[in-house]
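Right, one structure below, let's go through it.
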Amino acid sequence: VFLARNTEFQYKIYVTGIKAMEKVLEAIAQKIKSGEEIKTFEEFFDLWIDVSEREFFEVFRTEEFSKMQGELLDSSLNVRRHFQKLMELYLFDFPVALRSEMDDLYRTVYDLKKKVRDLEKQLHEVSGKEAVA
Amino acid sequence: MKMAFPTVNARNIIRDIGELNRKLIKSAETLTEVDQVDVGTAPMDLVYQEDKVKLYHYRQEGAVTCRIPVLIVYALVNRQYILDLQPDRSVVRNLLQHGLDLYIVDWDYPTKADMYLTLDDYINGYLDGCVDFIRKNTGHDKINLMGICQGGTFCAMYAAMYPEKVKNLTTLVAPFDFSPNDGLLFAWAKHMNAEALAGTYRVIPGDFLNIGFLMLMPFTLNIRKYVDMVDIVEDKDKLLNFLRMEKWIFDSPGQAGECLKEFIRDFYQGNKLVKGEVKIGGKAVDLKKITMPLLNIYASSDHLVPPSTSKPLNDLVGSTDKSLYEFPGGHIGVFVGSKSQKVLAPFIAKWLHERQDGGSAKKTGLSGVV
């Protein structure tokens, strides 16, 4: 699925690039027809950047592109998750801490820290009230 | 398609290429003269820390003329030193020169140990801790909050939940209404599987976010910028400033998975803030509870946080003293542009000075769109 999504995405970028280049050439042709000349490399470069940027922006802002990108991300994350699971299986018998084990540990530390912070706040509030009383 | 054959002035182009080579050789020489790309050089002291989050207090070398301290809250994305990127263009130094007493939050770089941090931890935990520290140490019940970008969203939510602790609220280029799709990030985020993103990475790498930012303007940000750089490499100061900006752009902290998931799901996708449906740590965020004076600043050509996402805040708050300020420029221009230094920073300082004793906009004529 990832390969299909990736190919689809790359194709979209490729086609947009081709279209953008066609538009650049059209813009140059238009200049020549109207008697203008591309005098410097900078002039050509600016034209190429501006036209290409615009063309890509028009594609990037479509719902179709956003969906395609989202699907590509989703499928690449899926590949990554499977790879991580596979690595955990390989490493299970080795004397190293696995990521899932570290996740558990992080969760415990996080929960404890939160509990301590809440208790500190409560203590602070109670001692504040007592001081006022 | 029939197309006229492009005629070019070959002599000019050969000359351009020769010149380009000369500049590239010179650039290598200039680069060897740059020892260190220094950023965030305004003197400051670490005054409070909770876990990785740090609170710094800037040293005021002149007189403090605005009694109420200001806490600057930057986004979790990128680093807060953009406000003090280069000594001669520094919002921080500018505000200090205008007599403000400044504090700034440094969210630091989350590691996998921070993967479970939520918006509740950042806002009700760390931010509230920083605010309470300043209140306690300065003796002010209320302080000024200045939130930037995502930090502005955080500050607005904080001000809605703790109005008794906030004297004045200033937001800069911050998103509140996430429904418009005129910014590409807003359009793209709506189709992102936030659950899978957080679950897979735990802490989403800064580089992942950077790729997204660079894709917003792929030709300008990946090609033109570096070609244009060749024109300034002979000037050491200009090159140094270019490198400072590059350092900032690519100095992207990772994002705690749980927090980013919440932000994408409830804000970008659910647009819950303007609907009044956001709850942070069980506390409802009702923007109408923001009753203190509000200065909401947006940038007219902001492609990261378009004006359409910032401006609605003024219609959603309960404040009667509220100002909307249009900065002519883009997102980054707000921090390092010349207008930012000459006009915007002095304006913010003036706005805060006028409200340090509970003054209202009516006295100064600063209400409405400025």
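Please read these numbers as outputs of a predicted model, since none were measured by experiment. Lettering of chains follows the sequences in order, A, B, ..., and the numbering in each one begins at 1.
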Look at atom [atom1] of [X] and say whether more than 12 heavy atoms of other residues, nucleotides or ligands are closer to it than 6.0 Å.
X: Glu195(B); atom1: CD; result: no
X: Glu64(A); atom1: CD; result: no
X: Tyr109(B); atom1: OH; result: yes
X: Phe83(A); atom1: CZ; result: no

Where does [X] contact chain A at under 4.5 Å (heavy atoms): side chain, backbone, both or neither?
X: Leu20(B); value: neither
X: Met115(B); value: side chain
X: Leu197(B); value: both
X: Thr118(B); value: both
X: Phe208(B); value: side chain

Atom [atom1] of [X] and atom [atom2] of [Y]: how far apart are they, to the nearest 0.5 Å?
X: Asn124(B); Y: Arg117(A); atom1: CG; atom2: CZ; result: 8.5 Å
X: Tyr106(A); Y: Lys112(B); atom1: OH; atom2: NZ; result: 7.5 Å
X: Leu77(A); Y: Met192(B); atom1: CG; atom2: CE; result: 9.5 Å
X: Arg224(B); Y: Phe45(A); atom1: CZ; atom2: CZ; result: 6.5 Å
X: Phe57(A); Y: Phe219(B); atom1: CZ; atom2: CZ; result: 14.0 Å
X: Leu221(B); Y: Glu53(A); atom1: CG; atom2: CD; result: 7.0 Å

I'd like to know whether Asp128(B) forms a salt bridge (charged side-chain N to carboxylate O under 4.0 Å, His left out) with Lys121(A), so could you lay out the CA-CA distance, the side-chain angles of the two residues, the decisive distance to 0.1 Å, and finally the verdict. CA-CA 11 Å; Asp128(B) 190 41; Lys121(A) 267 196 175 180; 3.0 Å; yes
Any donor-acceptor N/O pair, Trp188(B) side chain to Phe60(A) backbone, under 3.5 Å: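 Indeed, once roles are kept as given, a pair shorter than 3.5 Å links the two residues.
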Between chain A and each of Pro218(B), Gly183(B), Ala189(B), Gly199(B), count heavy-atom pairs under 4.5 Å; write down the option with the most. Pro218(B)
So which of Asn181(B), Leu184(B), Leu216(B), Ile223(B) has the largest heavy-atom pair count under 4.5 angstrom toward chain A?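 That would be Leu184(B).
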My understanding is that only residues two or more places apart in sequence, or in another chain, count here; which of them pass salt bridge (charged side-chain N to carboxylate O under 4.0 Å, His left out) with Lys114(A)? Asp120(B), Asp121(B)
Residues 254-265 of chain B: residues contacting chain A (heavy atom under 4.5 Å, by number):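 At a heavy-atom separation under 4.5 Å, chain A is reached by no residue of residues 254-265 of chain B.
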Which bit of [X] comes within less than 4.5 Å of chain B, counting heavy atoms only: side chain, backbone, both or neither?
X: Phe56(A); result: side chain
X: Phe44(A); result: neither
X: Asp46(A); result: both

What residue, out of Glu42(A), Lys31(A), Glu43(A), Arg107(A), has the most heavy-atom pairs lying under 4.5 Å from chain B?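 Looking at each of Glu42(A), Lys31(A), Glu43(A), Arg107(A) in turn, Arg107(A) comes out on top.
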Looking at Ala187(B) and Ser66(A), what are the two nearest heavy atoms and their distance?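 Where Ala187(B) meets Ser66(A) most closely, the heavy atoms are O-OG, 3.6 Å.
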Is any residue of residues 68-75 of chain A within less than 4.5 Å of chain B by heavy atoms, and which ones? Gln69(A), Gly70(A), Leu73(A), Asp74(A)
Where along residues 97-105 of chain A does a heavy atom come under 4.5 Å of chain B, listed by residue number? Arg99(A), Asp103(A)
